[in-house]
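Everything numeric in this text was worked out from a predicted model, so none of it was measured.
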There are 2 protein chains.
Amino acid sequence: VLELRDVSKVYGESTLAVQALRGVSLTLQQGEFVAVMGPSGSGKSTLLQIAGGMEQPSAGAVSVAGHDLVGQTPAERAAARLSTVGFVFQSLNLVSSLTAAENVALPLELNGMASRPARAAAASALAEVGLEGCGDKFPDELSGGQQQRIAIARGLIGERSLILADEPTGALDSVTGEAILRLLRAKVDAGCAAILVTHEARHAAWADRTVFLRDGLIVDDTGGPQD
Amino acid sequence: VLELRDVSKVYGESTLAVQALRGVSLTLQQGEFVAVMGPSGSGKSTLLQIAGGMEQPSAGAVSVAGHDLVGQTPAERAAARLSTVGFVFQSLNLVSSLTAAENVALPLELNGMASRPARAAAASALAEVGLEGCGDKFPDELSGGQQQRIAIARGLIGERSLILADEPTGALDSVTGEAILRLLRAKVDAGCAAILVTHEARHAAWADRTVFLRDGLIVDDTGGPQD
Ligand SMILES: Nc1ncnc2c1ncn2[C@@H]1O[C@H](COP(=O)(O)OP(=O)(O)OP(=O)(O)O)[C@@H](O)[C@H]1O
Ligand SMILES: Nc1ncnc2c1ncn2[C@@H]1O[C@H](COP(=O)(O)OP(=O)(O)OP(=O)(O)O)[C@@H](O)[C@H]1O
Ligand SMILES: [Mg+2]
Ligand SMILES: [Mg+2]
């Protein structure tokens with residue numbers, strides 16, 4: 001489903017250049033769940049942005065569901081992403097002028113689904129994250145953790161072959177956080193692949209293996225399934 | 001330093017009204033450090049916003065450093081807040097058109113300090129949170145955890161008598177998170193009062209006591225210092 005081969009990423013030019021990733025390789029099969037941990041600034045979000053086609057790598061190859069992302073135009077990448085990748089951004093990126101239900105329905109409507117079935121699917125996705133009845137509220141009428149759960153529902157909705165979740169439970173209490181991990185695990189067991197960036201070891205334990213990043217390099221990989 | 005007496009908060013009108021706080025009382029002396037925990041949506045951020053004078057309570061009394069906040073105009077509240085309260089917002093609220101150093105210097109400059117000493121103080125505050133050398137970067141050139149640390153440096157800078165931190169370590173790895181707690185504890189030991197909202201029990205353990213919120217009510221308070 002996902003193949004990153006020797007991916008590097010540099011931000012900025014010459015003296016101000018920051019090397020965010022240095023030759024990272026990662027392969028995910030269908031039904032595989034990988035966690036990524038590492039200190040702040042080590043390249044975790046950059047890895048997800050490149051895997052999801054939102055950022056171009058400076059070097060190396062990226063392919064998602066068989067499509068080679070590096071050779072494509074931004075429009076081609078966006079189209080491939082819409083039907084394949086579900087993304088939960090670290091910065092949430094909710095559209096403040098849309099209600100919770102409209103935000104969650106957005107990926108489905110952008111993919112051509114009619115409004116009425118998209119909104120129905122959004123309502124049940126919101127219920128799955130414990131936000132039934134909040135569909136008509138705008139993001140700024142909700143708490144930080146409630147907003148994060150809207151972003152999670154939007155990232156998990158629809159048939160995705162790859163889910164990329166960037167610290168999705170950072171604003172949640174441990175009970176709510178575990179419920180979200182259970183949901184993510186169920187999506188993987190139903191057949192998609194997922195990468196979870198987290199700072200919580202007990203959340204990484206839900207994955208099949210954990211990759212550790214430090215200064216843009218993969219320094220450890222727990223390999224086989226956790227016993 | 002802070003006294004909340006029977007504070008209630010309702011958002012919205014009539015049938016859509018949400019009762020965020022229901023008669024909450026909390027008193028903080030100088031040098032006292034209180035943690036607040038509770039499920040997502042239980043009223044933690046609302047409590048901090050009211051304690052810091054950013055939101056008006058629907059009922060009850062609020063006084064910070066002897067000033068009664070409820071009777072004041074927004075301008076009077078803002079002036080009292082600038083010289084008294086340091087705030088770390090859950091949503092960060094960084095000014096994207098300012099650099100990291102300019103964001104951190106802002107509370108000092110708004111309080112009348114000249115640019116040059118304010119920037120020098122900002123540079124050392126950024127170093128205290130592990131971001132030396134990032135002063136000239138803009139927020140969107142930094143990772144999520146780096147942005148959170150800018151917001152923390154801004155909330156702790158200058159002589160504050162009350163620090164209100166709303167889940168300041170949600171985006172940080174455990175090593176960086178502990179370093180931030182140590183910094184907050186040092187500010188309290190130097191004489192200010194602080195409230196920390198957190199979902200991590202091991203971070204709440206740094207405080208003198210922990211208050212638990214549920215559906216807008218204080219349901220538990222560990223009272224005396226943790227043994
Ligand atoms: N501006 C607003 N308008 C309407 N309702 C609001 C507003 N802000 C918060 N609420 C509601 O008030 C309640 C308390 O919100 P608050 O932000 O204080 O929760 P919290 O405990 O900080 O939660 P979290 O852990 O998710 O950040 C929630 O039910 C929320 O939906
Ligand atoms: N748009 C950008 N422009 C310049 N530098 C950037 C940009 N985005 C990230 N960086 C830099 O690249 C490095 C990696 O950033 P990244 O966001 O991938 O870190 P991260 O591991 O996700 O950290 P965190 O845990 O704090 O979210 C950091 O040093 C950061 O400052
Ligand atoms: Mg990140
Ligand atoms: Mg909150």
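- Comparing A:Gly43, A:Ala171, A:Ser45, A:Ala201 by how many heavy-atom pairs each has under 4.5 Å with chain B, the most go to A:Ala171.
- When heavy atoms are compared at a cutoff of 4.5 Å, B:Lys44 does not approach chain A at all.
- Using a 4.5 Å cut-off on side-chain heavy atoms (C-beta onward), B:Gln147 and A:Gln90 make no contact.
- Within 6.0 Å of atom CG in B:Asn93, more than 12 heavy atoms from other residues, nucleotides or ligands are found, so the atom counts as buried in its surroundings.
- Taken to the nearest 0.5 Å, the OG atom of A:Ser174 stands 9.0 Å off from the NE2 atom of B:His199.
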Please step through side chain to side chain contact (heavy atoms under 4.5 Å, CB included) for the pair B:Val18 and A:Lys137, ending with a clear verdict.
CA-CA 11 Å; B:Val18 173; A:Lys137 288 205 183 263; 3.4 Å; yes
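- Heavy-atom distances place the side chain of B:Glu200, and not its backbone, under 4.5 Å from chain A.
- Put simply, of B:Gly41, B:Gly12, B:Gly130, B:Ala20, the one with the most heavy-atom pairs under 4.5 Å next to chain A is B:Gly41.
- A:Asp173 contributes a side-chain N or O that, together with a main-chain N or O of B:Ser40, makes up a donor-acceptor pair within less than 3.5 Å.
- Put simply, the side chain of B:Leu172 does not reach to within 4.5 Å of the side chain of A:Glu167, judged on heavy atoms.
- Around atom CG of A:Asp220, more than 12 heavy atoms belonging to other residues, nucleotides or ligands sit under 6.0 Å away.
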